[in-house]
Structure formats: C-alpha cells, structure tokens
Amino acid sequence: MNRGIKLDLSKAVPYIQEKEIADMQPDLSIAHDMIENKNGSGNNLLGWVDLPKYYDRDEFNRIKAAAQKIKENSDALIVIGVGGSYLGARAAIEMLSHSFNNVLSKDKRKNLAVFYAGNNMSSTYMYDLVHTVEEMDLSINVISKSGTTTEPAIAFKIFKKLLEEKYGKEEARNRIYVTTDSKKGVLRKIADREEYETFSIPDDVGGRYSVLTSVGLLPISAAGIDIDEMMRGAEDACLEYKVEDLQKNPAYQYAAARNILYRKGKVIEMIVNFEPCLHYFGEWWKQLFAESQGKDNKGIFPASVDFSTDLHSMGQYIQQGLRIMFETFINVEKPRREILIKKDIEDPDGIDFLDGKSMDFINHQAFKGAVLAHNKGNVPVIILNVPELTAYYFGYMVYFFEKSCGISGYLMGINPFNQPGVEAYKKNMLAFLGKPGYEYKKKKLEEILN
Ligand code: PA5
C-alpha cells in the first residue's frame with residue numbers, strides 16, 4: 001500500500017504563518033487555472049501535466065522491448081544527452097540502483113552498467129570513458145529534443161564511429177537508439193537515413209519536464225527499473241495534486257511556501273538529502289527550478305547539498321552565513337538496505353554508545369539535529385517525507401516537483417516553460433568555433449576580448 005509523500009512546513013514557522021499560506025489561495029487559483037486549462041504563457045509546453053494518465057502506450061511498450069534487447073546484448077549502455085535530456089534518467093538510475101553498480105563484477109551485477117556522455121565537452125572525460133567501455137558490449141541511446149545540441153552531437157559522433165568500427169555498420173545499427181523530435185532536427189535526419197530505432201519526444205513537453213517520456217524511460221528501463229511502477233507513482237501524484245484547494249494540495253502548499261519565503265528575502269533554496277543516491281535527484285531538481293524560474297531578473301537560486309557529507313563543508317555557511325536561504329529536506333523514512341553497528345568489546349572507540357543501533361537510525365538523528373540547528377540559525381526548513389526510494393516514489397516526487405515548479409513560476413509572474421537565457425553562451429561558442437553564418441558575431445566578440 002503506497003502512502004504518497006508528506007509535506008511538513010512546521011519548521012518553516014515563524015517565517016511562514018498558516019494565514020499567509022491561506023491568503024495565497026486567490027493567486028494559486030489563477031496559477032492552477034493557467035496550468036489545468038492551459039491558458040498562461042508557455043501553454044504550448046504543458047504536455048507533462050496529464051502525461052502520467054495519457055502517455056502513448058504503444059511507444060511505452062516499444063521502449064520496454066528496446067530496453068529488454070539492450071539488457072540482453074549489452075554490458076553497458078551509454079546515455080548521450082545534456083540538461084533535461086539526461087538528468088532525469090540519471091536521477092532515477094542513481095536513486096534506484098546499487099550504489100556501485102558499474103564496478104560490480106558481472107556475476108554480482110543484476111543490471112548493465114550505465115555511463116553518461118554528451119553532458120560536457122571535456123576531452124579528458126571522453127578519453128577516459130572510451131578507455132573504460134571500449135572492450136564492453138555496448139548500446140547507445142542518444143537523446144536530444146532539438147537534435148542540434150553541441151555536447152551530445154560530439155559524443156554521438158565519437159560513439160557512433162566506435163560502434164561501427166567495433167561491430168560493423170549493420171550490427172552497430174542494432175545498438176543505436178535515438179530519442180528526438182518526431183520530425184525536426186539533424187539527429188532525426190541521421191536516424192531516418194541510418195534506420196535507427198527512434199523514440200519521439202512529445203512536442204508539448206520541454207526538456208526539464210521530460211523524464212517521464214521516452215527521454216527518461218528508455219535508459220531507466222534498460223537499467224532494470226520498473227517503469228510501470230514509476231508511471232503509477234506519477235499518476236497517483238497527478239491525481240493528488242490536481243486539487244485547486246490549497247489546504248488539500250501539498251504541491252501547492254510547497255509552491256506557496258517558497259514564494260512567501262522569497263518575498264521575505266530568502267532567495268536561495270537548498271534541496272538537502274541524507275542519501276548519496278539522491279545526489280542526481282538534486283541535480284535534476286536544480287535544473288528544473290533554475291531554468292523554469294531564473295528569468296526576468298527574478299527567481300529563487302536553487303542549490304543542492306548532500307548531508308551529512310556537506311555538513312562538514314557547507315554546514316558552517318548554512319548555520320551562520322548570510323540569512324538569505326531556506327532548505328528543503330528530502331527525508332527518506334525507510335532505507336533500501338540496513339546495517340547494524342556491532343559491539344566490539346576489544347576496542348572501546350568512543351562511539352560504543354552506538355552499539356546495536358542501525359546506521360539509518362544514526363543518519364536520522366543527524367537529520368533531526370541538522371533541521372533543529374539550522375532552524376535555530378534562522379534557516380526556514382521545509383521537509384518532504386518520502387516513505388522509501390522506489391520507482392513508484394520516484395514518479396511521485398518528480399510529479400510533485402514539476403507541478404509545484406510550474407505553479408510557483410506563475411506565482412512569480414514568469415513563464416516557467418521557456419529558457420531564453422540558455423542561448424547566449426551557445427551563440428558565442430558557435431561564433432568562436434567558426435560556425436558558418438556567425439562570422440560577424442565572432443568579429444564583434446573578438447573586439448570585446450582584445
Ligand atoms: O530543459 C531544457 O530544455 C534543456 O535543459 C535541454 O534539455 C538541454 O539544453 C538539451 O537540449 P536538447 O534535448 O535539445 O539537446
């Protein structure tokens with residue numbers, strides 16, 4: 001029996017009063033209408049709203065079949081993509097897999113190894129990755145909605161060649177999966193010409209909202225994760241967070257709470273985990289909120305920390321630095337694995353009082369200690385209680401944050417579904433790289449530099 005996830009705002013008091021939340025209802029109703037009835041800015045990118053209910057079942061089954069084939073013929077899958085075209089898959093795979101899956105021996109490992117490429121332009125990273133995987137049996141999934149993004153395009157070029165040299169063109173074709181726009185873009189053209197198996201990204205779902213489409217689902221399923229359960233979690237969340245009444249909708253309460261804090265000068269939000277496997281969930285969350293809300297000179301700056309690790313680095317600033325932040329803790333109630341601290345009578349080591357306790361119990365005391373300490377240091381804390389880390393709750397959390405992000409953006413008076421600012425560096429980079437058509441821009445940029 002799944003219980004959903006529970007929002008706890010009690011540690012955000014006194015920065016947020018119940019009445020302030022209740023007073024947000026009229027604004028929230030407007031934002032709710034903009035999303036549910038698709039009449040706000042960016043309304044051509046609201047396909048994610050009802051996706052968990054109405055996703056394309058044929059494509060979904062094709063994804064599962066392709067994932068099965070990858071599992072059968074490959075030791076490793078290379079996921080090529082950047083931003084919204086890879087972070088969701090990585091968040092799910094790292095959250096739900098063995099923490100050291102890639103380095104387990106083949107007989108110990110239940111699932112294939114997964115590596116990521118095309119999310120940076122480092123030659124060292126690429127060289128080392130090729131060196132690591134070249135002798136493995138490989139499949140690749142290249143994911144790019146536009147089909148023109150430089151990072152994945154370079155990585156695809158390298159891995160396509162590697163596969164063709166390793167297996168010959170015919171067998172390489174069997175191992176290359178392309179996820180892109182159904183019609184547009186260079187990648188689509190290449191895929192059609194080479195007759196690769198392709199999956200389409202719905203036109204009305206933007207990159208950072210796309211983890212529950214083929215963008216995330218193929219790599220996640222190939223990594224051995226139950227995507228039916230994931231969609232079930234998202235569907236239950238979709239139902240729970242459809243309610244207009246703020247008092248009954250935790251996703252709206254979260255959106256309201258962060259906007260109230262923002263108006264009071266809390267301009268940084270840190271997502272906090274106590275489970276290393278949630279590190280990439282934090283990365284996914286940061287992209288979702290940064291690209292959705294950082295525009296028009298507005299927006300809460302999203303950051304992430306991994307505790308207890310970062311309590312020994314960022315903890316000092318959080319406790320006593322500028323009082324401009326709030327934290328959102330993800331509290332995982334039940335760990336996937338448990339370890340008991342055994343008694344060692346031979347060697348009293350100063351932590352004997354922990355004998356017989358579970359590591360998770362200790363982790364939870366650190367969690368409680370950090371919440372109260374940061375609270376005392378005037379940091380408002382929002383807590384999201386998640387029963388356990390399963391595919392179901394991954395889907396649930398993804399939908400919770402997607403919905404609250406969209407609502408929160410409309411509450412701030414911005415379009416949460418575009419990202420015009422991302423283009424600026426790309427244009428400069430292409431000019432410096434000498435892309436045809438960018439000659440004038442290159443000249444101008446060089447004048448500035450000199
Ligand atoms: O959320 C977004 O839209 C971006 O982060 C994109 O996903 C990212 O830039 C990659 O784009 P594309 O999928 O077109 O290669």
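The shown structure was predicted, so the numbers you read here are calculated from the model rather than taken from an experiment. Each ligand, and each atom within it, is numbered from 1 in the order the structure gives. Just the heavy atoms: all of them, side chains too, but no hydrogens, waters or symmetry mates, feed the values below.
Aromatic ring centroids of Y241 and F400 lie under 6.0 Å apart.
T179 places no side-chain N or O within donor-acceptor distance of the main-chain N or O of I143, the cut-off being under 3.5 Å. Proximity of a side-chain donor or acceptor of Y252 to a complementary backbone N or O of V243 within less than 3.5 Å is not detected.
With Y177 as the aromatic partner, R175 does not meet the cation-pi criteria of under 6.0 angstrom to the ring centre and within 45 degrees of the ring axis.
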Between ligand 1 and the protein, which N/O pairs fall short of 3.5 Å?
from     : atom 1 : to   : atom 2 : distance (Å)
ligand 1 : 1 (O)  : R208 : N      : 3.0
ligand 1 : 1 (O)  : Q287 : NE2    : 3.0
ligand 1 : 1 (O)  : E291 : OE1    : 2.9
ligand 1 : 5 (O)  : G84  : N      : 3.2
ligand 1 : 5 (O)  : Q287 : NE2    : 2.5
ligand 1 : 5 (O)  : E291 : OE1    : 3.3
ligand 1 : 5 (O)  : E291 : OE2    : 3.4
ligand 1 : 7 (O)  : G84  : N      : 3.0
ligand 1 : 13 (O) : S85  : OG     : 2.6
ligand 1 : 13 (O) : K145 : N      : 2.7
ligand 1 : 14 (O) : K145 : N      : 3.4
ligand 1 : 14 (O) : S146 : N      : 2.8
ligand 1 : 14 (O) : S146 : OG     : 2.7
ligand 1 : 14 (O) : T149 : OG1    : 3.4
ligand 1 : 15 (O) : S144 : OG     : 2.6
ligand 1 : 15 (O) : T149 : OG1    : 2.5

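Shown here are the side chain to side chain donor-acceptor pair (under 3.5 Å) partners of Y262, two or more places apart in sequence or in another chain: there are none.
Taking CH2 from W48 and OG from S210, the interatomic distance works out to 13.0 Å, rounded to the nearest 0.5 Å.
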